[in-house]
Amino acid sequence: MPGRCGRDCKPHPSRRSENPLRAGSPVNKEPRNPRYGHRAQRNRLRSLGGTATTSRPKREVFVSFAGGIMEPITLEMLRHSASHVMAASVMKLFPGAKLAIGPAIDTGFYYDFDLPRNLTNEDLAKITELMRDEIKVRHKFERREISRNEALEIFADQPYKLELINELPEGETISLYQHDGFVDLCRGPHVPHTGYIKANALQLLSIAGAYWRGDEKRPMLQRIYGTLWNNKEELEAYLQHLEEIERRDHRRLGRELDLFSLHEDAGPGLVYWHPKGARIRSIVEDFWRKQHYAGGYDLVYTPHIGRSTLWETSGHLVTYRDGMYSPMDIDGQDYYIKPMNCPFHILIYQTQTRSYRDLPLRWAELGTVYRYERSGVLHGLLRVRGFTQDDAHIVCTPEQIEDEVLAVLRFSLRMWQSLGFTKIKPYLSTRPEKSLGEQAQWDQAIASLRTALEAEGLEYEVDEGGGAFYGPKIDLKVMDALGREWQMTTIQFDFNEPERFDMSYVGADGKNHRPYMVHRALLGSLERFFGVLIEHYAGAFPLWLSPVQAKIIPIADRHHDYAQQIARALAAAELRAEVDASGERMNAKIRTAQLNKIPYMLVIGDREADTRSVSVRLRSGEDLGAMVLDDFIARATSLVAQRNNTEL
RNA sequence: GCCGACGUAGCUCAAUCGGUAGAGCGGCGGUUUUGUAAACCGCUGGUUGCGGGUUCAAGUCCCUUCGUCGGCUCCA
């Protein structure tokens, strides 16, 4: 039951994720995690009984809570209290302000307000000052339990609070917390007094718009985000983390490393891959194709547009029209650019009568699709309007489904590991209320997903009712080098399209049967994957993926011939190398190569030319010294062959 | 789409109360021929996102529009 202050566990604003069958979304809607709920915490403490203190770190302080239950001071409690302190400060600046909700979140807290004017950064500074004053004075937080009528009276001029009160179920305890004359409807718990909050561990971060109760039909409120930690050091560590995120931003690195661009004039959300970015994509695609063939997939290619009748059959025009680009008129017929590849794959399926002996069919395509995304959601490569899905459809018999799901799960995990992502978290999404298909199908499908996850020994979270209306799914979130989770792979059952297209195969019994169909996007979209890859490696790609693997740096002009010889030798060994023939000095050439995050810098001068060697410097700054050319080639080609993600 | 902020040279940024746009990096040319993160000198570069308005005068104020950024919402 959301709404009372502190109850909602909102995701960190910087967390990004998205359903890979769509374009990339920057913002991860983390499932609400009950661990952070007050009630869950209270229950946990209850169950620990009176001996709980023995298992806790010494410096934890306990506060008494309603009913004599003891609560330890937690960061979450501090953050929640900080949101009250902030709200109190805002009320001092804007006496008529209307209060909405103000929960703790993963990295701090926020509070939503309805204010007579827009907040500015100067306001933030003022609010911070007022908060510091409140902290200094150590105002007590006092809890009071009140009747519903009392609550309605107290919050008579707070329409949002009234709405919350009115929605509280009968019999629910209504409590409020008060400090320094500021009263808020709140379940608590809070720290004993404001002095528990460390002013130097607190920072207000940003002002943002937010719909009341997340509903776009309701008023837009002003949200202030703040961050709060146990102490100054933790705050600084967090702020450094934010800086690191900014340094790794793929939009910035994409420009600095000349990987890709977007052109606002030519159309937002459409990606231009520059030669270096395209090189990486091409390597990934080659690897991807090879793995798919080896993994029992066949590749297909399909068109970019299809007649409206196809999209009527598939159901896209009914369900997802708003997300599709407008039709184009060709010979009096409406054609749509494809938002998904599946109908095309089904058409290929339909070109023959399929026998059970033909199944399973596994068809994969790097299919570029276009979806209209609302302008406000576009974000670099992570949420775009045109993107290439690494799509696959598996069509099989009910008997085969379990093996197929397991195989696709294993295949996906292997692929992620090869690309340097080793931490992966699966989510199983089950049947939502509004959905189609028979229960038996759903049961079997979910069972097969579960079996596969368990066969792999994976710990997974279940998102009850989180499946699509047309089938259950497994999503894989991968964790990047900064510990951020990105939803990438999705493995989805589809009970809708086989029905709509009347797909069938002839069984051993000679009768027609409906096959199972599974959609799978592994990397999700190549654009989004590339964005994540850039941020994961901070632009310092592993050797096998680096667009330029070695920069040859002649010390003086007289070494240019030798530099070219080396370049030819490396090219012959299928290594990607460039000579820096600019008029710069060696130091400048090294700096440039370093800034371009090129794995190897091969410095050559008289000594190297005399001995057919190269002096190898790594982008880490490490100097490996002189190496015979053939030894360097052996080293590099071996690392490339292993697709080594860590060594140079 | 919604709320807010922003949009000046390829990039990062400057330009007082409205007075007619400037720096570094980059690019180009020259000198230098260099041993592990920036040699020196010069040149080049902008109808201040687009359109309209106010004003003697607009990068600066107002409106519109496009886009970007931070959120919200959405996400097959």
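The basis for the numbers below is simple: all heavy atoms, side chains too, and nothing from hydrogens, waters or symmetry mates. As the structure is a prediction and not an experimental result, all values here were calculated from the model.
Using a 4.0 Å heavy-atom criterion, one finds that Ala210(A) contacts the sugar-phosphate atoms exclusively. Within 4.0 Å of Gly621(A), counting heavy atoms only, lies no atom of the nucleic acid at all. Using a 4.0 Å heavy-atom criterion, one finds that Ala468(A) contacts no nucleic acid atom at all. Base engagement by Ser615(A) is indicated by at least one non-hydrogen atom pair under 4.0 Å involving a base atom. No contact: His559(A) has no heavy atom under 4.0 Å from any strand. Residue contacts shown for Ile553(A) are absent, as no nucleic acid heavy atom lies under 4.0 Å away. Nucleic acid contact class of Asp557(A) (heavy atoms, under 4.0 Å, all strands): base. Here Asp322(A) lies out of heavy-atom contact (under 4.0 Å) with every strand.
Taking for each of Glu216(A) and Phe469(A) the nucleotide of RNA chain B with the nearest heavy atom, the 5'-most of the two is the partner of Glu216(A). Comparing Ser206(A) and Gly583(A) by the nucleotide of RNA chain B that holds the closest heavy atom to each, the one mapping nearer the 5' end is Gly583(A).
Going from the P atom of C63(B) to that of A5(B) covers 11 Å, rounded to whole Å. With both ends at atom P, the span from U54(B) to G45(B) equals 34 Å, rounded to whole Å. As rounded to the nearest Å, U60(B) and G18(B) have C1' atoms that lie 6 Å from one another. Distance noted for atom C1' between C13(B) and G26(B): 14 Å (whole Å). Nucleotides U20(B) and A58(B) have their C1' atoms positioned 9 Å apart, rounded to a whole Å. Comparing the C1' positions of G49(B) and U34(B) gives a spacing of 44 Å, expressed to the nearest Å. Spacing of P atoms, G70(B) relative to G51(B), comes out at 28 Å, to the nearest Å. For the P atom pair drawn from U8(B) and A76(B), the interatomic distance equals 35 Å after rounding to whole Å.
Taking the six-membered ring where the residue is Trp, Phe530(A) and Trp273(A) present parallel rings, their angle staying beneath 30° rather than reaching 60°. Ring geometry, Phe495(A) versus Phe493(A): the interplanar angle falls from 30° to 60°, so the pair is classed tilted.
Atom pair Asn121(A):CG and C69(B):P shows a separation of 19 Å (rounding to whole Å applied). Straight-line distance from the CD1 atom of Ile224(A) to the P atom of A5(B): 15 Å, rounded to whole Å. The interatomic distance linking Leu378(A) (CG) with G71(B) (P) rounds to 15 Å, in whole Å. Per the geometry, CG belonging to Asp475(A) stands 13 Å off C1' belonging to A76(B), to the nearest Å. To the nearest angstrom, C1' of A37(B) lies 13 Å from CG of Asp580(A). For His263(A) and C50(B), the NE2 to P distance is 18 Å, given to the nearest whole Å. The separation between Leu270(A) atom CG and U68(B) atom P is 10 Å, rounded to whole Å. Distance Arg585(A) CZ to U32(B) P: 14 Å, rounded to the nearest Å.
The only option from Tyr320(A), Phe344(A), Tyr335(A) that meets the ring-ring contact (aromatic ring centres under 6.0 Å, His included) definition with Trp311(A) turns out to be Phe344(A).
For Met586(A), taking side-chain heavy atoms from C-beta onward, the closest of the listed nucleotides C74(B), C72(B), U34(B) is U34(B). Nearest nucleotide to the side chain of His379(A), out of G70(B), A76(B), U36(B): G70(B). Out of A37(B), G35(B), A39(B), the shortest distance to the side chain of Arg591(A) is found at A37(B). Checking A37(B), C72(B), U34(B) against every side-chain atom of Arg223(A), the shortest atom distance belongs to C72(B). Side-chain atoms of Gln492(A) lie closest to A76(B) of the nucleotides A76(B), U36(B), G1(B). Counting only heavy atoms from C-beta on, Arg374(A) has its side chain closest to G1(B) among A37(B), A76(B), G1(B). Checked against U68(B), A76(B), G71(B), the side chain of Pro268(A) finds its nearest nucleotide in U68(B). Taking every side-chain heavy atom of Arg255(A) into account, U12(B) is the closest of G4(B), G71(B), U12(B). Candidate nucleotides G70(B), G35(B), U12(B) were compared by shortest atom distance to the side chain of Glu608(A), and G35(B) ranks first. Looking at the side chain of Val377(A), the nearest of the listed nucleotides U73(B), U36(B), G70(B) is U73(B).
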message: Using the rule given for side chain to side chain contact (heavy atoms under 4.5 Å, CB included), can you reason through Val628(A) versus Arg612(A), listing the C-alpha separation, both sets of side-chain angles and the distance that settles it, and then say yes or no?
response: CA-CA 6 Å; Val628(A) 174; Arg612(A) 198 169 167 75; 5.8 Å; no
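The partner of C50(B), taking Watson-Crick or G-U wobble pairs whose two distances both stay under 3.5 Å, does not exist in any strand shown. The nucleotide G59(B) finds no pairing partner, because no Watson-Crick or G-U wobble arrangement with both distances shorter than 3.5 Å includes it. Pairing for A15(B) is absent, with no Watson-Crick or G-U wobble pair whose two atom distances lie under 3.5 Å. When both pairing distances are held under 3.5 Å, U20(B) makes no Watson-Crick or G-U pair with any nucleotide shown. The partner of U34(B) cannot be assigned: no Watson-Crick or G-U wobble pair with both contacts below 3.5 Å exists in any strand. Pair assignment for C25(B): G10(B), on the basis of Watson-Crick or G-U wobble contacts that are both within less than 3.5 Å. Here A5(B) sits opposite U68(B) as a Watson-Crick or G-U wobble pair (both hydrogen-bonding atom distances under 3.5 Å).
Within the 3.5 Å criterion, the main-chain N or O of Leu235(A) finds no donor-acceptor partner in the side chain of Gln203(A).
Looking at Thr302(A) and Lys338(A), their side chains do bring a donor and an acceptor atom within 3.5 Å of each other. Side-chain atoms of Thr490(A) and His519(A) include no donor-acceptor pair closer than 3.5 Å.
Contact of Tyr211(A) with G71(B) (side chain to base): no donor-acceptor pair of N or O atoms is detected under 3.5 Å.
Going from atom CD of Glu365(A) over to atom CD1 of Ile348(A) covers 7.5 Å, rounded to the nearest 0.5 Å.
A close approach under 4.0 Å does not occur between any side-chain nitrogen or oxygen of Tyr110(A) and OP1 or OP2 of C72(B). For A76(B), neither phosphate oxygen OP1 nor OP2 lies less than 4.0 angstrom from any side-chain nitrogen or oxygen of Thr319(A). At G4(B), one or more side-chain N or O atoms of Asn118(A) fall inside 4.0 Å of OP1 or OP2 (strictly under the cut-off). Between Arg251(A) and C69(B), a side-chain N or O to OP1/OP2 separation shorter than 4.0 Å is present. An OP1 or OP2 oxygen of U34(B) is reached within less than 4.0 angstrom by a side-chain nitrogen or oxygen of Arg558(A). For Tyr225(A), a side-chain nitrogen or oxygen approaches OP1 or OP2 of C72(B) to under 4.0 Å.
Tyr600(A) has its ring centre less than 6.0 Å from the ring centre of Phe632(A). In this structure, Tyr111(A) has its ring center at least 6.0 angstrom away from the ring center of Phe109(A).
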